[in-house]
There are 2 protein chains.
Amino acid sequence: MTAASIRARVRAEMTEGIKAAARRQLAADGADLSLRAIARELGMVSSAIYRYFASRDELLTALIVDAYNALGTAAERAEAEVARDDLLGRWLATCHAVRDWALANPHEYALIYGSPVPGYRAPEDTIPPASRVPVLISGILRDGYAAGRLPAESGEPLPESLRPELTTVAEQIGAEVPPALMARGMTAWLQLFGAVSFELFGQLNNVIEDRAAFFAYQMRAVARVVGLPD
Amino acid sequence: MTAASIRARVRAEMTEGIKAAARRQLAADGADLSLRAIARELGMVSSAIYRYFASRDELLTALIVDAYNALGTAAERAEAEVARDDLLGRWLATCHAVRDWALANPHEYALIYGSPVPGYRAPEDTIPPASRVPVLISGILRDGYAAGRLPAESGEPLPESLRPELTTVAEQIGAEVPPALMARGMTAWLQLFGAVSFELFGQLNNVIEDRAAFFAYQMRAVARVVGLPD
DNA sequence: CGCATTTTGAGAGCACTGCTCTTGACGTGT
DNA sequence: ACACGTCAAGAGCAGTGCTCTCAAAATGCG
């Protein structure tokens, strides 16, 4: 019993050590992490890593899941600190938490929101961690709608063809949000990650210098589109 | 004279051939293009490529510039076909041209709007090609504002601190657009590329199936925020 | 305890990569 | 006719992901 659990614990620690080294190398050198370099840093031989991860892709998947979870945790923490009835505050807290985490961990952000790595295909188990931020946003919408402070329909009318689909999305995410409101929520979602990605991937270079102010403005603007009350 | 120009022409053709092979391989296999594979496809040896491109990065830069230009051309063509006073039509034509080009050339799109490649740093000469779509959007705003059909201020008020910066952006791009309108134009710009990137990078998998309808809705919605008249 | 089984790390090796350098051939200008 | 500049080829270096084999260590069981 103890013996088995000891071995299991050592194995878990080793796995975590490999991921930590990979993250370090990711933060330092950039995106294309090398198994051999990780092994070197850990003082072992490259083939030994294959005892813990079947392939480079599997390591990458583990890092991706971790990154989604780290981002999700950061966002949830920040959002939870705001008074429940301050809908705009909850949205802005989420936005800034996402941006702050992305700026602090640019390469991990690129891993999850950048272009997919060549041969790589995301497995199913990345879906729940990936949907933590969307779930958070949906929660704000749900609370606002339940309190009668967010209109179901507003702005651009949602085409009929999209209604069933967005109803399904709301159901999957477990939030009772009408489809047209859900669609505006996705507008906000796109705007949030579009803004962060553009800033991080250099598209704002030589264009906008005061990124923080620009980001805050954009997130307030989209909050207005969603209908979040001040 | 003729001799020199002949040699120059042959050289230009060879350069173009290498880029074409690189694009082919990019479209087929994915992002991490290999110089040796390109050379193999062209029936030459890898070292010969270095007569035309000093490094892999230089080839990459050439491909990036080409991609920006191809996207810019596609967008400009589509936008030019719409009547000048149909501002919404011009915006939507631009959006759909960008999306269509991205869907037809996903790997080239990833090259320019995805996460930047590890060691790579974009040189100055990518800036003009990269700003062709923004220039196009600004042109729509300029025409609308000049005709009195687009309000300078609308929606979320632009903070004073951002005004000088956005005035500079409008100046650089050579379009007489007031800063607050320019800021809304950037909202649209973010939304456009955010939507295309999310679709292409798989963030909409298992979420939205009717991507075309969703995209059209989002672009109409942001057009409303900008203030484009129907 | 002692033996069998499983787990682990090391090392060699394969096919591949970007890149450099040297060598030899070819076309051109004086 | 000779010299020069351009070009492609080949060998080679250091690096990569990954597979395989082998020995050592840790573990489970009678």
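Lettering of chains follows the sequences in order, A, B, ..., and the numbering in each one begins at 1. Values below: every heavy atom of this structure, side chains too, minus hydrogens, waters and symmetry copies.
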task: Establish whether the base of C/dG18 is bridged to the side chain of B/Ser55 by a donor-acceptor pair shorter than 3.5 Å.
output: no
Donor/acceptor link under 3.5 angstrom from B/Ser47 side chain onto base of D/dA9: yes
- prompt: For the side chain of A/Leu35, counting heavy atoms from C-beta on, which of C/dT8, D/dC18, D/dA8 is nearest?
  reply: D/dC18
task: Output all residues satisfying side chain to side chain donor-acceptor pair (under 3.5 Å) with B/Arg142, sequence neighbours left out; order by chain, then residue number.
output: none
message: Quick check on DNA chain C: between A/Tyr52 and B/Ala54, whose nearest nucleotide comes earlier from the 5' end?
response: A/Tyr52
field: Length of the CG-C1' vector between B/Leu59 and C/dC19, whole Å
entry: 14 Å
Test applied, ring pair (Phe, Tyr, Trp, His ring centres under 6.0 Å); reference residue, B/Tyr113; option that passes from B/Phe198, B/Phe201, B/Trp189, B/Phe193: B/Phe193
query: Using a cut-off of less than 4.0 Å, is there contact between a side-chain N or O of B/Ser34 and OP1 or OP2 of C/dG18?
result: yes
field: B/Arg56 (side chain) donor-acceptor with B/Leu33 (main chain) under 3.5 angstrom
entry: yes
message: Output the rounded distance in Å from CZ (A/Arg11) to C1' (C/dT8).
response: 9 Å
query: What's the CZ-P distance between B/Arg9 and D/dC7, to the nearest Å?
result: 15 Å
query: Nearest-Å distance, CD1 (A/Ile49) to C1' (C/dA10)?
result: 13 Å
- request: Only counting residues at least two apart or in another chain, list the ones meeting ring-ring contact (aromatic ring centres under 6.0 Å, His included) with A/Phe215.
  value: A/His96
Quick one: side chains of residues 36-44 of chain B, donor-acceptor pairs under 3.5 Å with protein atoms, not counting sequence neighbours, listed by atom name and distance.
{"unit_1": "B/Glu41", "atom_1": "OE2", "unit_2": "B/Arg24", "atom_2": "NE", "d": "2.6"}
{"unit_1": "B/Glu41", "atom_1": "OE2", "unit_2": "B/Arg24", "atom_2": "NH2", "d": "2.8"}

query: Please give, in whole Å, the distance from D/dC13 C1' to B/Tyr50 OH?
result: 13 Å
field: Pairs touching residues 100-112 of chain B that satisfy side-chain hydrogen bond (donor to acceptor under 3.5 Å, both in side chains), sequence neighbours left out
entry: B/Tyr109-B/Ser197
Mind listing the N/O atom pairs, protein and nucleotides 23-25 of chain C, below 3.5 Å?
none

field: Set of side chain to side chain donor-acceptor pair (under 3.5 Å) partners for A/Arg220, sequence neighbours left out
entry: none
Gap between atoms CE and P, on B/Met14 and D/dT6 respectively (whole Å): 17 Å
- line: Here the distance between atom P of C/dG18 and atom CG of B/Leu33, to the nearest Å, is 8 Å
message: Can you list everything that forms a side chain to side chain contact (heavy atoms under 4.5 Å, CB included) with A/Ala80? Sequence neighbours excluded, please.
response: none
query: Considering only heavy atoms, which members of residues 36-46 of chain B lie under 4.0 Å from some atom of DNA chain C?
result: B/Arg36, B/Arg40, B/Ser46
statement: Applying side chain to side chain donor-acceptor pair (under 3.5 Å) to B/Thr187 and not counting sequence neighbours gives A/Gln218
Whole angstrom value for the distance that separates C1' of C/dT17 from CZ of A/Arg56: 13 Å
